[in-house]
There are 2 protein chains.
Amino acid sequence: MPEPKQTRGHFPLGGKEPRFERVERSFEEFIRTKGLKLTSQRRRILKKVFTAHHHFTADEVHEMFRRSRDRISRATVYRTLSLLVEGGFLDILDLGQDRKYYEHVLGHEHHDHIICLQCNKIVEFQEPRIEELQERVVEEHGFHITYHSLRLFGHCADCHQKLDGKAPQRPPH
Amino acid sequence: MPEPKQTRGHFPLGGKEPRFERVERSFEEFIRTKGLKLTSQRRRILKKVFTAHHHFTADEVHEMFRRSRDRISRATVYRTLSLLVEGGFLDILDLGQDRKYYEHVLGHEHHDHIICLQCNKIVEFQEPRIEELQERVVEEHGFHITYHSLRLFGHCADCHQKLDGKAPQRPPH
DNA sequence: TTTTCTGCAAACGGTTTGCACTGGA
DNA sequence: TCCAGTGCAAACCGTTTGCAGAAAA
């Protein structure tokens, strides 16, 4: 049995060609292990967030189902998203100021984000050398790191050009 | 006229031995420049946050004045804190999950944070090499960075020892 | 059948806002 | 005097919760 490459959570996705079926099975096992029930709402939300968007808000998920005949209540959306985060199927990207996004982990290694203050474009990046330096800093202070969050805020090339010196920046943070 | 060392905002603190009087004068100028009024509430809040705590919440500020005979309303506390952030006198440290702290900039260069998930201890650090790598990453993606936020979450030495393998970690975010 | 889950609506908690009165400039 | 600021209470908004009926196991 090949060692699965674990991203996070107890139910790794691993393998060469991650597909939604893998996630689905992993989710079923997660649910079973916790003694929970596999409801249609949970299955539908899982499918939606893994096949449609990459970055999305809780409200957007709720909205996706509002149109369909069998809508899913806001409460259930929130409860299910929490469950998915707990199981390591989703990550949270908190941009502050009540801008809270979720992103699925399918085929995504750990990464950090650059966010455009103007158009909200989100770019992902990996920089192992930063991670390494973080490790060192944490050790120096006697901490044991669990996770980290690095967000770079600025203006993307397009928006920077449009601004052209006027720079109506949001107050930093 | 010597070039003032600007941390952020329009009213730099600079100088060898930063003292509260400098901040106060800087604040007065900020207020004047914006055509606002220097009220007793604003003066008292400024003094309190610069002499008492380093990391504090809006609610804590409100609480500090509840005891005194002339309390300050929650609304005014919020409005004043926003003003101080706008002027670059305070920074915001958003830990997510509605844990939002302010910190004054008196004698503080830019820095990042390590946060203990157990006892909420906050340690500040500076790592120029990380900053440098960030610059490079941002450039590679054609962005122009405005500011960044790096938060390392984990367990401090004390808490790590107490946990001793049981590791009741908060869901990563 | 048993137990969890869902939808609803109300509650929550931090923050903001409208308004009439207050008080700096 | 004049206009911004304050306190109050209500509004806001994303999120959570209590509860009764619905549906997995």
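Values below: every heavy atom of this structure, side chains too, minus hydrogens, waters and symmetry copies. Convention: sequence-line order gives letters A, B, ...; per-chain numbering from 1.
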Could you state the CG-C1' distance from B/L83 to C/dT16, rounded to the nearest angstrom?
15 Å
Identify whether any heavy atom of A/R42 sits under 4.0 Å from a base atom; if not, whether one sits that close to sugar-phosphate; answer base, sugar-phosphate or nothing.
sugar-phosphate
Any N or O donor-acceptor pair under 3.5 Å from the base of C/dG7 to the side chain of A/R79?
yes
Would you mind reading off the distance between A/L81 atom CG and C/dT6 atom P, rounded to a whole angstrom?
12 Å
Under a 4.0 Å threshold between the charged nitrogen and the carboxylate oxygen, would A/R99 count as salt-bridged to A/D94?
no
Specify the separation, in whole Å, of atom CZ of B/R32 and atom P of D/dA4.
18 Å
Check the distance between D/dT16's C1' and A/D59's CG and give it to me in whole angstrom.
15 Å
Could you tell me how far apart B/K37 (NZ) and D/dA4 (P) are, to the nearest whole angstrom?
7 Å
Pick the closest DNA chain D nucleotide for A/R74 and for A/Q41 by heavy atoms, then say which residue is nearer the 5' end.
A/R74
Whether A/T76 contacts C/dG7 is assessed here as follows: a side-chain N or O lying under 4.0 Å from the phosphate OP1 or OP2. Is that the case?
yes
What is the distance, to the nearest angstrom, from the NZ atom on B/K34 to the C1' atom on C/dA25?
18 Å
Atom-pair distance (NE2 on A/H62; C1' on D/dG14), nearest Å:
13 Å
Rounded off to whole Å, could you give me the CD1-to-P distance for the B/I92 and C/dG14 pair?
16 Å
Any salt bridge between B/E63 and B/R66, counting N to O under 4.0 Å?
yes
Think B/S73 has a side-chain N or O under 4.0 angstrom from the OP1 or OP2 of D/dC8?
no
Interatomic distance, B/K162 atom NZ to B/D158 atom CG [nearest 0.5 angstrom]:
5.5 Å
B/R43 or B/A75: which one's nearest nucleotide on DNA chain C is closer to the 5' end?
B/A75
Measure the acute angle between the ring planes of A/H104 and A/F50, then classify it against the limits of 30° and 60° as parallel, tilted or perpendicular.
parallel
Taking the basic N atoms (NZ, or NE/NH1/NH2) and the acidic carboxylate oxygens, is any pair closer than 4.0 Å for B/K34 and B/E86?
yes
Report yes if at least one side-chain N or O of B/Y78 is closer than 4.0 Å to OP1 or OP2 of C/dT16; otherwise report no.
no
Tell me what B/R71 touches on the nucleic acid: a base, only sugar-phosphate, or nothing, going by heavy atoms under 4.0 Å.
sugar-phosphate
Hey, does the side chain of B/T39 come within less than 4.0 Å of D/dA4's phosphate (OP1/OP2), counting only N and O?
no
